[in-house]
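For reference, the structure discussed in these notes is given below.
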Amino acid sequence: MLKALIFDLDGTLAHTLPAIAEGMNLALAELGYPEISEAQVYEFINMGARDYAKYALPAKYREDDARVDALYAAYNRHYAEVYMHTDTTYDGIPALIEHLKGKYPLAVNSNKQDEFVKKITEALYPGEFELVMGQSAFPTKPAPDAPLYIA
């Protein structure tokens, strides 16, 4: 029996890919590397933000921890400036959330930075979720710790 529903944010509740690509491309440009395409972002993003930075680098630099760390730091700075450029949901999702609200407790769990998850979720779905949680003291997904805590 379903007792609660937990949603991911990126690629589920919100079309965040363009803002994620924008943040990374600003960081890459700052450090003198070539931009990446949205298709590459889609390929690299599900690994977590640091690995996203690693694979966004040209292949010959991916094992250079100093370069990865520098790009990761630049990405975090730039993404903090552009993350609210996310203003698109997927067709039917707002209606689905509205339909489910009141029938089940609704929550969001994302590997994205907690502050960003909360602000994007509230902007796109004001007051719809009982708990919204991004990166925290728990290991990131696919580890079950955060979803179990939410449950």
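Quantities reported herein were computed from a predicted structural model and do not represent experimental measurements.
With rounding to the nearest 0.5 angstrom, the NE2 atom of His85 is 5.0 Å from the CD atom of Glu22. In this structure, CG in Leu9 is found 6.0 Å from OG1 in Thr16, a value given to the nearest 0.5 Å. In this structure, CD on Glu122 lies 12.5 Å from CD1 on Ile120, to the nearest 0.5 angstrom. The line from CZ of Arg77 to CG of Leu26 is 11.0 Å long, rounded to the nearest 0.5 Å. With rounding to the nearest 0.5 angstrom, the CG atom of Leu71 is 5.0 Å from the CG atom of Leu57. To the nearest 0.5 angstrom, Phe116 atom CZ is 11.5 Å from Asp10 atom CG.
Of the possible polar contacts, none joining the Gln135 side chain to the Ser110 backbone as a donor-acceptor pair under 3.5 Å is found. Listed for the Tyr52 side chain is a donor-acceptor partner under 3.5 Å among the backbone atoms of Ile20. Side-chain atoms of Thr86 come within 3.5 Å of backbone N or O of Tyr83 as a donor-acceptor pair.
His78 has its side chain out of reach of Asn25: every pair of non-hydrogen atoms, C-beta onward, lies at least 4.5 Å apart. Contact of the Met133 side chain with the Phe138 side chain is registered, since non-hydrogen atoms from C-beta on lie closer than 4.5 Å. The shortest distance between side-chain heavy atoms of Leu13 and Thr89 does not fall below 4.5 Å. For the pair Met24 and Glu35, the minimum side-chain heavy-atom distance is 4.5 Å or more. Contact annotation: the side chain of Phe7 approaches that of Ile97 to within less than 4.5 Å [non-hydrogen atoms, C-beta and beyond]. Side-chain contact between Asp69 and Arg50: present, with at least one pair of heavy atoms (C-beta onward) separated by less than 4.5 Å.
Leu131 and Leu106 fall into different hydrophobic clusters, defined by Ile, Leu, Val, Met, Phe, Trp and Tyr side-chain heavy atoms under 4.5 Å apart, directly or through other members. Residues Tyr125 and Leu96 fall within the same hydrophobic cluster, defined by Ile, Leu, Val, Met, Phe, Trp and Tyr side chains chained together at heavy-atom separations under 4.5 Å. If you chain together hydrophobic residues whose side chains sit under 4.5 Å apart, Met84 and Val132 fall into the same group. There is no path of hydrophobic side-chain contacts, each under 4.5 Å, that joins Ile6 to Ile93. In the hydrophobic clustering of this structure, Leu31 does not group with Tyr72; members are Ile, Leu, Val, Met, Phe, Trp, Tyr whose side-chain heavy atoms approach within less than 4.5 Å, directly or through other members.
Judged purely by distance below 3.5 Å, without hydrogens or angles, the side chains of Tyr79 and Lys112 pair a donor atom with an acceptor atom.
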Legend entry - Criterion salt bridge (charged side-chain N to carboxylate O under 4.0 Å, His left out) on Glu115 and Lys119, from CA distance to verdict: CA-CA 6 Å; Glu115 172 187 3; Lys119 288 181 179 177; 3.0 Å; yes
Inset, instruction - Show the numbers, then the answer: is there a side chain to side chain contact (heavy atoms under 4.5 Å, CB included) between Glu63 and Lys54? - result: CA-CA 8 Å; Glu63 299 308 317; Lys54 175 180 178 175; 3.4 Å; yes
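Minimum interatomic distance between Val117 and Thr121 (heavy atoms only, all atoms of both residues): O-OG1, 2.8 Å. Contact record, Pro58 with Pro34: CG-CD, 4.0 Å, taken as the closest heavy-atom pair. Considering all non-hydrogen atoms of both residues, Pro18 and Glu38 come closest at CA-OE2, 3.7 Å. The two residues Tyr75 and Gly23 have their closest heavy-atom pair at CD1-C, 3.7 Å.
With sequence neighbours left out, Asp91 forms a salt bridge (Lys or Arg N to Asp or Glu O under 4.0 Å) with no residue at all.
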Table please: side-chain donor-acceptor pairs of residues 139-151 below 3.5 Å, with sequence neighbours left out.
| residue | atom | partner | partner atom | Å |
| --- | --- | --- | --- | --- |
| Lys141 | NZ | Asp8 | OD1 | 2.8 |
| Lys141 | NZ | Asn109 | O | 3.2 |

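Relative orientation of the Tyr90 and His15 rings is perpendicular, given thresholds of 30° and 60° on the angle between their planes.
Sparse packing is recorded around OH of Tyr55, with 12 or fewer heavy atoms of other residues, nucleotides or ligands lying under 6.0 Å away.
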